[in-house]
Each structure stands twice: as C-alpha cells, then as structure tokens.
Colleague: 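Submitted below is the structure of interest, expressed as structure tokens.
As a basis for the values below, the full set of heavy atoms in this structure was taken, side chains included, without hydrogen atoms, waters or symmetry mates. What you are looking at is a predicted structure, and each value in this text was computed from that prediction instead of being measured.
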Amino acid sequence: MRVMIPADRPAVVVVTGTAGVGKTALAVRCAHRVVDRFPDGQLHLNLRGFHERQEALGTEEALSDLLSGLIVLS
C-alpha cells in the first residue's frame with residue numbers, strides 16, 4: 001500500500017462509501033503509515049455513525065471537539 005499525501009503542503013483527504021466497506025480500516029492504516037510526518041500528535045474523532053444509543057455527531061459538535069483537541073477552543 002502506498003500513501004500519497006504531499007509532504008510539502010497541507011492536504012485534505014476524503015474517504016467515502018457505504019457502510020461496511022472498510023473506510024475506517026483504510027483511514028487508520030493510512031494514518032499509521034504517515035504518523036512520522038506529524039510529530040505534534042494525532043486527533044481522533046468518533047462520529048458515532050452507527051452507535052446504538054447515541055445520535056451521530058453533528059457538524060458543530062465535531063468541529064468544537066477538534067478545536068478543543070487542538071487547544072484552539074476551550
């Protein structure tokens with residue numbers, strides 16, 4: 001597997017597909033392959049897309065969680 005993410009500039013990667021095709025597995029595998037490019041750490045966001053007792057995470061809540069993780073928003 002080859003992960004082609006530009007090292008010299010920011011990149012946005014979107015993984016789409018129907019449930020159960022391996023989107024999360026692909027994203028996690030790619031993240032493990034490029035972890036050395038991000039020495040400041042990692043963020044993980046559980047969107048709860050298929051949680052039995054909780055609704056999926058909304059856009060505003062997801063953004064708030066990510067910004068809190070970066071200590072941009074407290």
Side-chain angles (χ1 to χ4, degrees):
M1 172 188 217
R2 185 169 189 196
V3 179
M4 297 176 67
I5 297 175
D8 60 339
R9 63 184 188 274
V12 174
V13 178
V14 178
V15 180
T16 66
T18 189
V21 296
K23 296 179 301 292
T24 300
L26 174 65
V28 169
R29 186 169 178 183
C30 290
H32 283 285
R33 292 184 149 243
V34 298
V35 69
D36 59 315
R37 296 188 197 176
F38 302 93
D40 292 338
Q42 303 172 38
L43 294 175
H44 171 77
L45 186 62
N46 181 356
L47 298 174
R48 298 191 306 257
F50 294 96
H51 197 280
E52 294 176 4
R53 291 172 294 234
Q54 293 181 317
E55 290 186 20
L57 204 61
T59 305
E60 291 179 9
E61 189 178 1
L63 181 58
S64 176
D65 287 354
L66 287 173
L67 292 176
S68 294
L70 293 169
I71 312 174
V72 173
L73 180 68
S74 55

Colleague: Under the rule for side chain to side chain contact (heavy atoms under 4.5 Å, CB included), what residues qualify as partners of Val15, not counting sequence neighbours?
Modeller: Val13, Lys23, Leu26

Colleague: Check Arg48 against Glu61 and note the closest heavy-atom contact, atom names and distance.
Modeller: NH2-OE1, 4.0 Å

Colleague: Hey, could you give me the OG1/CZ distance between Thr24 and Arg29, rounded to the nearest 0.5 Å?
Modeller: 14.5 Å

Colleague: Side chain to side chain contact (heavy atoms under 4.5 Å, CB included) with Glu60: which residues, sequence neighbours excluded?
Modeller: none

Colleague: Under the rule for side chain to side chain contact (heavy atoms under 4.5 Å, CB included), what residues qualify as partners of Leu45, not counting sequence neighbours?
Modeller: Leu47, Leu57, Ala62, Asp65, Leu66

Colleague: Could you tell me which non-hydrogen atom of Val14 sits nearest to which non-hydrogen atom of Thr16, and how far apart they are?
Modeller: CG1-CG2, 3.5 Å

